[in-house]
Structure formats: C-alpha cells, structure tokens
Participant: 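Right, I'll just put the structure down here and ask away after.
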Amino acid sequence: MRIIFMGTPAYAAEVLDALARKEDVTVSAVVTRPDKPKGRGMKLVPCPVKELALSLGIPVYQPKTLRDGAFQAVLDEYEPELIVVAAYGNILPSYVLDYPKYGCVNAHGSLLPKYRGASPIQRAIMDGESVTGITAMMMDEGIDTGDILGTYPCAIEEDDDCGTLTGKLAKIAAAAMCGVIDMIREGTLTPTPQPEEGACYAAKIGREDAALDFDAPARSVFNRIRALNPSPCAVVKLPNGDPLKITASKAASAEECEKALGQFPGTVVLAEGRGEGRIVVACREGAVALTGVIPAGRKPMSAGDFVRGRKIAAGDILTVMKEE
RNA sequence: CGCGGGGUAGAGCAGUCUGGUAGCUCGUCGGGCUCAUAACCCGGAGGUCAUGUGGUUCAAAUCCCUUCCCCGCAA
C-alpha cells in the first residue's frame with residue numbers, strides 16, 4: 001500500500017518509524033512542517049520526523065500550508081492510497097482528504113471525543129485524568145471530529161509526566177496505525193461516528209498555562225507541573241524576579257502540609273538540601289514538594305542542587321510569573 | 001550579526017564591581033559518638049578559577065582582548 005505520512009514531533013516520528021518497518025506498506029513521501037529558526041543564532045533545526053525521513057531515504061515535503069492547492073502536484077506524483085497523520089500541525093483541506101482511496105487516518109492522543117485539538121496529552125494530565133489513550137480515526141474537515149476506527153486506552157500513572165506519557169502513547173499510536181492498515185487490507189474497518197456527548201477541546205498550551213500559581217489545591221499544582229514537563233515547563237518567579245522552571249514535584253507529607261497551613265500560597269516552608277532535595281511550597285490547600293528545577297540560564301538540576309547553591313531558603317515566596 | 005545568562009573541587013554556588021592566602025552547602029575518604037542511622041562531632045583528599053607559553057600590572061578567578069562550549073527568551 002502506498003502511503004504518505006504527515007507528522008512533526010517525536011511522537012509522530014515513532015509512528016513513521018513503525019510504518020517504515022511494516023511490510024506491505026510503502027511510505028512514499030513524508031510531509032512535515034517547515035524548519036523553523038530555533039535556539040540561539042536562529043539556527044534552522046529539522047523536526048524529528050524530517051530527520052527520520054531523511055535517514056530512511058524518504059522524500060520530505062514541507063509546505064507552509066496545504067490550502068493553496070500547490071500540494072495537489074505532490075498527490076498526483078505519489079498517488080497515495082492512504083494518508084497517515086500524527087500530530088502534523090496543519091489543517092488538511094478537502095482536496096487532500098478526498099484524494100486517497102482509503103482516506104486520511106489520524107492517531108489522536110486522547111480518547112475521543114474528549115480532548116479534541118492541539119494539546120490532548122497535556123490537558124488530560126493537567127485535569128488529573130487517570131486514563132487517556134489513542135484514538136485511531138478517519139479525518140474529516142472538523143478538528144478531530146471524524147469517525148472512530150479504534151480506541152486504545154492507556155493509564156496515566158502517578159509518576160507520569162507529559163514526556164513519559166507521550167512516549168507511551170507514541171508506541172500505542174504506532175501500533176494503532178499499523179492495525180488500521182491491516183484492517184483496511186482485510187476489509188474489517190468499521191468507522192463509528194463520534195458521540196457528541198463528552199466532547200471537549202484541548203486548547204494549545206500557551207504562556208498563561210505555563211505560569212504556575214500556588215493559590216490552588218496542591219493536587220492541581222502537581223498536575224500542572226507534570227503536564228508541562230519537559231516543555232515548556234511550569235514557571236514561577238523567585239523573590240529576586242528571576243524565573244524558575246519546575247520540572248518535577250511530589251506530594252508533600254501530611255506533616256509538611258500541616259506546616260504549610262495558614263502560610264501564604266507560594267511560601268517555601270522547607271528547603272531540604274540533602275540528596276535529591278525537596279523544596280516544599282505551601283499551596284492554597286496543602287503543599288507540594290518540588291524536586292526538579294531549571295534556573296534561568298542554567299541546566300536542569302535537582303531541587304537539592306538548587307538549595308545547596310543557596311538559591312532558595314525557607315520563608316522565600318514564589319510568585320506568579322505574570323504576563324509581560 | 002535577534003536579546004540575555006553562564007563556564008571556579010565529583011555536584012550546586014559565592015568570590016569578579018572596589019586586583020593582594022581558593023571559600024560555602026553537599027558528596028567522597030578516614031576517625032569518633034550511638035542499640036542504631038541517611039542524624040551528630042572531628043579530620044583529610046580533591047581546583048593549571050573554560051581557552052590563549054594573550055595584554056595591562058610588583059601582583060589577575062578578578063581589569064582588557066581572543067577562541068571554544070553550554071543554557072534561557074524570542075520564533
């Protein structure tokens with residue numbers, strides 16, 4: 001089967017890798033977003049999907065948009081029977097959706113119709129969900145509204161963050177897409193319309209989502225931190241005004257929550273500098289123990305390292321990083 | 001030439017403005033205390049202060065210049 005693959009981040013690269021290995025499938029072309037200036041010096045950095053495609057010797061196309069019809073030429077050249085999409089980032093217009101004999105299928109990172117949209121994994125963690133998954137679906141012109149081909153649940157463990165969960169889901173997505181292709185060949189594919197009930201949208205993560213506010217229940221602070229790790233990371237403002245990214249946290253002990261009672265949310269009640277260290281911060285309800293941070297201009301480090309460097313002490317108050 | 005931060009002991013930092021004995025919190029090693037300990041006490045090892053047989057100076061981690069590397073923001 002001739003397919004064109006569309007995707008961008010590491011999650012999508014995992015799917016591409018599985019398709020490339022699959023027998024009876026030929027990934028004849030890969031479509032990904034244009035390289036963007038990244039990092040210092042505006043260096044152009046290729047996305048994971050592009051890197052993988054190049055190493056596999058698959059032609060890569062990086063149209064800025066598909067809407068202008070220029071992509072028709074690529075379709076005509078490769079005549080795909082199926083288009084597989086995973087976290088591509090561009091909207092597919094109808095002329096693309098209608099071209100392949102078997103249509104366009106997508107591996108979405110949630111159990112649809114819940115969390116349609118750009119950031120389903122982050123939103124699920126942020127909301128404290130205990131289960132999410134992959135939905136294999138036919139694409140239509142709506143945002144993640146097409147018929148469901150299969151659902152593959154995945155538990156969100158207590159110690160999962162966006163990074164680990166995305167890794168798990170990527171593997172599931174890869175298997176799901178291979179499964180869909182098998183079903184297409186066997187003719188056992190059964191598209192089922194999505195129920196409207198339970199539908200919700202997972203808006204793209206923005207700057208305002210990254211600003212961490214301790215004036216919230218500890219559980220919610222914990223969920224936000226892990227939803228945002230490893231990127232862009234929850235961020236707070238230190239007493240000196242510098243931003244501090246937070247990569248990991250754990251629940252504080254009952255005793256520590258006791259100490260935090262009555263403290264202004266954001267107050268550091270304990271700065272433990274031994275071993276990995278813990279920075280216990282009072283929340284509106286309870287407290288969280290920060291365990292990993294990234295100071296401005298520094299590398300990621302444990303809370304213990306940060307405390308040992310004397311950058312924080314009990315009594316300091318962490319405030320909300322306000323919009324510029 | 002997009003903006004900014006940084007490179008000092010195994011880790012995280014201070015010291016640099018106002019040149020003059022290499023410091024702190026940990027870790028590590030040895031000893032002690034203890035029923036015991038990741039707790040406490042005592043002691044030790046470990047650093048060409050990123051780079052340049054650079055410049056200035058009686059004297060440079062510190063001031064000036066070179067090169068390399070790392071990171072954040074912005075996109």
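Side chains are part of it too, since the values below use all heavy atoms of this structure and drop only hydrogens, waters and symmetry mates. Numbers restart at 1 for each chain; the letters A, B, ... are given by sequence-line order, proteins then strands.
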Participant: Provide the distance between the two C1' atoms, one in B/rA45 and one in B/rU28, to the nearest whole Å.
Facilitator: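 That atom pair is separated by 9 Å.
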
Participant: Is A/I143 atom CD1 crowded by more than 12 heavy atoms from other residues, nucleotides or ligands, each under 6.0 Å away?
Facilitator: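 No, the 6.0 Å shell around CD1 holds no more than 12 heavy atoms from other groups.
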
Participant: Distance between the P atoms of B/rU66 and B/rG55, in whole angstroms?
Facilitator: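 Here B/rU66 and B/rG55 have their P atoms 15 Å from each other.
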
Participant: Could you tell me the separation between the CG atom of A/D35 and the P atom of B/rA75, rounded to a whole number of Å?
Facilitator: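 Atom-to-atom, A/D35 to B/rA75, this comes out as 19 Å.
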
Participant: Between A/E276 (CD) and B/rA11 (C1'), how many Å, whole number?
Facilitator: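 Value for this atom pair: 11 Å.
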
Participant: Are A/K114 and A/D144 ion-paired here, with the side-chain N under 4.0 Å from a carboxylate O?
Facilitator: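 No salt bridge links A/K114 with A/D144.
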
Participant: For residues 163-180 of chain A, dump all side-chain donor-acceptor pairs below 3.5 Å to protein atoms at least two apart in sequence or in another chain.
Facilitator:
residue : atom : partner : partner atom : Å
A/T164  : OG1  : A/D160  : OD1          : 2.7
A/T164  : OG1  : A/D161  : N            : 2.9
A/T164  : OG1  : A/D161  : O            : 3.1
A/T166  : OG1  : A/C162  : O            : 2.6
A/K168  : NZ   : A/D160  : OD1          : 3.1
A/K168  : NZ   : A/D160  : OD2          : 2.9

Participant: Please list each protein N or O that sits under 3.5 Å from an N or O in nucleotides 12-16 of chain B, with the distance.
Facilitator:
residue : atom : partner : partner atom : Å
B/rG12  : O2'  : A/D305  : O            : 2.5
B/rG12  : N2   : A/R308  : O            : 2.9
B/rC13  : OP1  : A/R298  : NE           : 3.4
B/rC13  : OP2  : A/R298  : NH1          : 3.2
B/rC13  : O3'  : A/K311  : NZ           : 3.2
B/rC13  : O2'  : A/G309  : O            : 2.9
B/rA14  : OP1  : A/K311  : NZ           : 3.0

Participant: Check the distance between B/rG72's P and A/L238's CG and give it to me in whole angstrom.
Facilitator: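 That distance rounds to 16 Å.
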
Participant: Taking only Lys NZ, Arg NE, NH1 and NH2, and the carboxylate oxygens of Asp or Glu, determine whether A/E256 and A/R278 approach each other closer than 4.0 Å.
Facilitator: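 Salt bridge present between A/E256 and A/R278.
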
Participant: Taking atom P of B/rU25 as reference, at what distance in whole Å does atom CD of A/E272 sit?
Facilitator: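 Going from CD in A/E272 over to P in B/rU25 covers 16 Å.
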
Participant: Name all stems that contain residues of RNA chain B, defined as runs of 3 or more consecutive Watson-Crick or G-U wobble pairs, both distances under 3.5 Å.
Facilitator: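 Stem list for RNA chain B: B:2-7 with B:68-73, B:10-13 with B:23-26, B:28-32 with B:40-44.
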
Participant: Does the pair A/Y88 and A/F5 meet the rule for a ring-ring contact (aromatic ring centres under 6.0 Å, His included), with working shown?
Facilitator: CA-CA 9 Å; A/Y88 171 45; A/F5 178 81; 9.1 Å; no

Participant: Quick check on RNA chain B: between A/A296 and A/P300, whose nearest nucleotide comes earlier from the 5' end?
Facilitator: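 Taking each residue's closest nucleotide, the earlier one in sequence belongs to A/A296.
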
Participant: Taking atom C1' in both B/rG7 and B/rA61, what distance in whole Å separates the two?
Facilitator: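 To the nearest whole Å, 12 Å.
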
Participant: What I want to find out is whether A/R2 reaches A/E77 closely enough, with some N-O distance under 4.0 Å, to be called a salt bridge.
Facilitator: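 Salt bridge between A/R2 and A/E77, a charged N being under 4.0 Å from a carboxylate O: no.
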
Participant: Between the protein and nucleotides 37-41 of chain B, list every N/O to N/O distance that falls short of 3.5 Å.
Facilitator:
residue : atom : partner : partner atom : Å
B/rA39  : OP1  : A/R274  : NE           : 3.4
B/rC40  : OP1  : A/R274  : NH2          : 3.2

Participant: Could you work out, with side chain to side chain contact (heavy atoms under 4.5 Å, CB included) as the rule, every residue matching A/R185, not counting sequence neighbours?
Facilitator: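 Here the qualifying residues are A/D24, A/D182.
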
Participant: Please state the C1' separation for the pair B/rG47 and B/rA9 - nearest whole angstrom.
Facilitator: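 Those two atoms are separated by 5 Å.
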
Participant: For a side chain to side chain contact (heavy atoms under 4.5 Å, CB included) with A/V85, tell me which candidate from A/L92, A/V105, A/I4, A/N90 qualifies.
Facilitator: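 Filter result, single survivor: A/L92.
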
Participant: Linking directly or through intermediates, with side-chain heavy atoms under 4.5 Å: list the remaining ILVMFWY members grouped with A/V268, chain and number order.
Facilitator: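 Besides A/V268, the cluster holds A/L212, A/F214, A/V221, A/F222, A/I225, A/V236, A/L238, A/L244, A/I246, A/I279, A/V281, A/V288, A/L290, A/V293, A/M301, A/F306, A/V307, A/I312, A/L318.
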
Participant: Between B/rU8 and B/rC3, how far is it from one P atom to the other, in whole Å?
Facilitator: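 Roughly 25 Å separates the two P atoms.
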
Participant: Would you say A/Y11 and A/P48 make side-chain contact, with heavy atoms under 4.5 Å?
Facilitator: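 With C-beta onward as the side chain, the pair stays apart.
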
Participant: Any heavy-atom pair between the side chains of A/D127 and A/N223 that's under 4.5 Å?
Facilitator: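 Answer no - side chains too far apart.
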
Participant: State yes or no: are the ring centers of A/Y99 and A/F71 separated by less than 6.0 Å?
Facilitator: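 For A/Y99 and A/F71, the ring centres are not under 6.0 Å apart.
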
Participant: How far, in whole Å, is B/rG6 from B/rC13 if one measures between their P atoms?
Facilitator: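 About 11 Å, rounded to a whole number of Å.
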
Participant: Can you measure A/K245 atom NZ to B/rC71 atom C1' for me and round it to whole angstrom units?
Facilitator: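 Distance, rounded to whole Å: 10 Å.
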
Participant: In whole Å, what separates the C1' atom of B/rG43 from that of B/rC33?
Facilitator: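 Straight-line distance between the two C1' atoms is 15 Å.
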
Participant: Quantified in whole Å, what is the P atom distance between nucleotide B/rU67 and nucleotide B/rG52?
Facilitator: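 Between the two P atoms, the distance is 15 Å.
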
